[in-house]
Amino acid sequence: MIDARAARNDPDEFRRRLARKGAAEQFDAWLAADERWRAVVPRVDELRAKTKVKGKPTPEQLEELTKVKGELKQAELELVEADAARELLLSQLPNPPDNSVPDGYAEEDAEEIRTWGEVPQLDDPKEHTDIGRFDMERAARLSGSRFGYMIGDTALLALAVYRFALDAVAAEGFLPVLPPVLVREEAMYGTGFFPTDRSNIYALLEDDLYLTGTSEVALAGLHMDEILEELPLRYAGFSTNFRREAGAAGKDTRGMFRVHQFNKVEMFVFCEPSASGEEHEHLLSIEERILQGLQIPYRVVNVAAGDLGAPAAKKYDCEGWFPAQQRYRELTSTSNTTDFQARRLGIRHRGSGKSPETIHTLNGTAVTDRTVLAILENFQGDVPDVLRQYGAPATVSR
RNA sequence: GGAGGGGUGGCAGAGCGGUCGAAUGCGGCGGUCUCGAAAACCGUUUCGGGCUUUUGGGUCCGACGAGGGUUCAAAUCCCUCCCCCUCCGCCA
């Protein structure tokens with residue numbers, strides 16, 4: 001959620017920035033609704049003040065009170081309506097992009113920042129399904145399409161990758177967390193997945209619970225409605241993630257590349273507003289170090305404004321090389337969500353000033369199951385030595 | 001799943017129709033004392049919103065888990081929901 005007061009004070013600047021995400025009209029609609037609301041508030045406050053009587057009222061006062069309360073009821077009705085309209089529009093506004101984010105709306109509009117590693121020259125690169133042991137057919141029979149089993153050496157390799165990543169980020173001061181994956185609606189709203197991304201979330205209607213698509217939800221929600229004493233706080237969550245992949249029909253249908261369920265080690269940071277830029281670069285550097293440790297060739301891109309998603313003000317993706325596809329594909333992603341999630345979740349801290357100040361939050365991927373696929377495909381079954389101490393086999397076969 | 005108890009400020013914990021945004025203690029902050037510190041003593045200390053402001057503030061409104069209701073008046077009474085605790089049952 002954006003800072004309403006700040007937006008009110010500098011509407012032109014907010015409109016300019018939001019226009020880069022295609023939300024200029026939405027912003028104007030909110031501004032109008034906000035103005036209407038602000039017109040009703042003083043009227044209600046004034047009438048309420050009139051209803052305040054100390055002690056037992058006299059008969060004359062009683063008569064006056066019933067009159068005022070009639071007016072008040074009407075005004076309060078208006079207020080509720082105006083407030084709901086303004087709140088709804090506000091909740092739908094995305095986080096304005098940072099000025100260092102490139103223009104554009106598509107994945108291709110991202111700006112390449114650098115590449116690392118040598119792309120392997122392979123005559124006839126096999127895909128992960130032909131190297132590791134994935135059982136897609138039986139998983140489909142059990143759960144439907146876009147599910148898979150990882151079996152044997154492949155399972156051990158995956159577990160080693162998670163553990164390797166967890167160690168790497170723990171060394172950077174991130175506290176390991178095994179979070180809930182089933183959360184309430186408020187947590188989804190607070191993190192900005194609702195209302196924008198609702199179609200990608202699995203819902204358990206019987207219980208009003210939702211399966212998280214990333215442990216970011218549970219990690220951000222960890223400090224919901226709190227005033228934090230010490231910052232920064234850095235966490236690393238490991239969880240299984242669930243995504244409906246609505247709108248990805250026909251896309252990446254081969255193997256385990258894009259599935260409804262996968263595992264991920266996720267970094268999450270709560271920090272002071274002035275520190276989030278630096279924290280973001282730090283998250284990116286950790287992601288790169290992990291990919292380098294695993295010897296996966298990759299490139300880093302600065303994602304275009306219109307492709308950011310609602311909560312992010314800036315996002316870097318690290319894309320690993322996939323030999324069979326002959327292209328770089330997203331492996332990790334780190335976002336600076338500035339105060340967008342923290343404001344929705346009510347997370348603040350006591351700064352130098354008078355009243356508590358909304359903090360900033362950031363997230364970044366350490367590794368996912370897709371990282372495992374990148375290892376399999378780039379080395380065609382050989383396993384990086386660093387993973388041996390975490391229980392990975394020397395080579396993976398089917 | 002069954003039976004009971006409870007949710008109040010950063011924490012603990014009173015209040016159970018009006019004088020309560022809320023006693024008291026702890027913690028925090030400022031001060032006195034001291035070479036310095038501790039102790040003691042004095043003062044201060046919830047959050048959100050609108051308007052206003054010579055940026056110190058001023059002013060009004062809202063909030064005692066959430067939402068509804070009763071009443072001239074609700075932290076206090078009633079209803080629904082959420083959460084926590086205890087006992088029993090079940091269970092990895």
Side-chain angles (χ1 to χ4, degrees), chain A residues 1-11 14 30-91 93 178-191 194 203-210 217-218 220-231 233 238-240 270 272-273 339-359:
Chain A
M1 198 155 67
I2 65 165
D3 182 342
R5 216 180 307 190
R8 219 181 266 147
N9 288 338
D10 196 359
F14 269 79
W30 168 75
L31 215 53
D34 184 61
E35 209 164 309
R36 184 182 156 223
W37 174 77
R38 283 191 298 152
V40 188
V41 168
R43 267 174 46 215
V44 171
D45 282 359
E46 213 172 296
L47 287 169
R48 276 181 184 157
K50 281 196 203 169
T51 65
K52 300 209 164 208
V53 176
K54 300 227 169 189
K56 205 169 161 59
T58 63
E60 302 83 69
Q61 283 180 313
L62 257 175
E63 200 183 321
E64 174 68 16
L65 277 172
T66 34
K67 210 183 101 207
V68 174
K69 287 194 76 175
E71 274 182 72
L72 180 60
K73 193 139 201 171
Q74 190 55 45
E76 277 184 330
L77 224 64
E78 263 181 76
L79 181 67
V80 166
E81 205 183 299
D83 187 47
R86 155 186 173 276
E87 233 10 275
L88 180 70
L89 287 164
L90 188 64
S91 77
L93 285 178
L178 298 176
V181 296
L182 227 41
V183 302
R184 298 213 184 148
E185 195 168 30
E186 298 105 270
M188 286 296 186
Y189 267 103
T191 42
F194 285 1
L204 280 76
L205 299 174
E206 283 282 289
D207 300 282
D208 282 322
L209 289 170
Y210 301 86
V217 177
L222 182 60
H223 292 299
M224 208 186 310
D225 291 321
E226 289 184 32
I227 297 175
L228 300 173
E229 297 291 341
E230 274 188 41
L231 291 173
L233 292 171
F238 171 77
S239 78
T240 301
F270 301 84
E272 297 195 26
D339 59 356
F340 188 84
Q341 292 179 330
R343 179 163 295 107
R344 287 174 167 234
L345 289 165
I347 306 174
R348 297 167 296 170
H349 90 299
R350 298 198 184 275
S352 50
K354 1 59 234 172
S355 50
E357 173 187 34
T358 301
I359 63 160

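Computed from a prediction, not measured in an experiment: that's the story for all the values here. Residue numbers begin at 1 in each chain, while the letters A, B, ... track the order of the sequences.
- Atom name P, nucleotides U46(B) and G9(B): the rounded distance is 13 Å, in whole Å.
- Within 90° of 0 lies the glycosidic angle of G56(B), which makes this nucleotide syn.
- In this structure U32(B) sits in a base pair with A40(B), meeting the Watson-Crick or G-U test at under 3.5 Å.
- Note that the CG atom of Leu209(A) and the CG atom of Asp207(A) stand 5.5 Å from one another [nearest 0.5 Å].
- Shown here, G56(B) forms no base pair; nothing in the strands shown gives a Watson-Crick or G-U wobble contact with both key distances under 3.5 Å.
- Between Met188(A) and Tyr210(A), the shortest heavy-atom distance links the atoms CE-CB, 3.7 Å.
- One atom, CZ of Arg5(A), and another, P of U52(B), lie 13 Å apart when rounded to the nearest Å.
- The side chain of Arg184(A) has C83(B) as its nearest neighbour among C61(B), G48(B), C83(B).
- Nucleotide U80(B) has A66(B) as its partner under the Watson-Crick or G-U criteria, with both atom distances under 3.5 Å.
- Rounded to whole Å, atom C1' of G28(B) lies 14 Å from atom CD of Glu230(A).
- Comparing A73(B) with U45(B), their P atoms sit 32 Å apart, to the nearest whole Å.
- The distance between atom CD of Glu185(A) and atom P of A66(B), rounded to the nearest whole Å, is 18 Å.
- Across the P atoms, C64(B) and G10(B) are found 14 Å apart, a figure rounded to whole Å.
- Using P as the reference atom, G28(B) and C87(B) are 35 Å apart when rounded to the nearest Å.
- To the nearest whole angstrom, the two C1' atoms, one in U24(B) and one in G31(B), are 23 Å apart.
- Between Met224(A) atom CE and A66(B) atom P there is a gap of 15 Å when expressed in whole angstrom units.
- In this structure, Asp207(A) places its CG atom 15 Å from C1' of C81(B), rounding to the nearest Å.
- Scanning residues 37-46 of chain A for heavy-atom distances under 4.0 Å to RNA chain B yields Trp37(A), Arg38(A), Val41(A), Pro42(A), Asp45(A).
- No more than 12 heavy-atom neighbours from other residues, nucleotides or ligands sit within 6.0 angstrom of CD on Glu35(A).
- Looking at Arg43(A) and Glu71(A), no side-chain N of the basic residue comes within less than 4.0 Å of a carboxylate O on the acidic one, giving no salt bridge.
- Out of G48(B), C61(B), G50(B), the shortest distance to the side chain of Pro356(A) is found at G48(B).
- Taken to the nearest 0.5 Å, the CD atom of Glu76(A) stands 4.0 Å off from the CG atom of Leu72(A).
- U53(B) and U59(B): their P atoms are spaced 15 Å apart (whole Å).
- The two residues Leu47(A) and Ala75(A) come nearest to each other via the heavy atoms CD1-CB, 4.0 Å.
- In terms of phosphate contacts, Arg348(A) brings a side-chain nitrogen or oxygen within less than 4.0 Å of OP1 or OP2 of G48(B).
- When both pairing distances are held under 3.5 Å, U86(B) makes a Watson-Crick or G-U pair with A3(B).
- Taking atom NE2 of residue His349(A) and atom P of nucleotide G10(B), one finds them 16 Å apart after rounding to whole Å.
- Rounded to an integer number of Å, the gap from Leu47(A) CG to C72(B) C1' is 16 Å.
- Remark: the separation of the C1' atoms in A63(B) and C20(B) is 14 Å, to the nearest Å.
- Applying the Watson-Crick and G-U wobble criteria (two distances, each under 3.5 Å), G27(B) pairs with U45(B).
- In this structure C16(B) sits in no base pair that meets the Watson-Crick or G-U test at under 3.5 Å.
- If you measure from atom CG of Asp3(A) to atom P of G49(B), you get 9 Å, rounded to the nearest angstrom.
- Annotation: side chain of Arg48(A) is in contact with side chain of Asp45(A) (closest heavy-atom distance under 4.5 Å).
- Screening Glu81(A), Glu78(A), Arg86(A) for a side-chain contact (heavy atoms from CB on, under 4.5 Å) with Trp37(A), the sole residue that qualifies is Arg86(A).
- Separation of atoms CZ (Arg343(A)) and CG (Asp3(A)) is listed at 4.0 Å; rounding is to 0.5 Å.
- Look at the C1' atom in both C79(B) and A22(B): the space between them is 26 Å, to the nearest Å.
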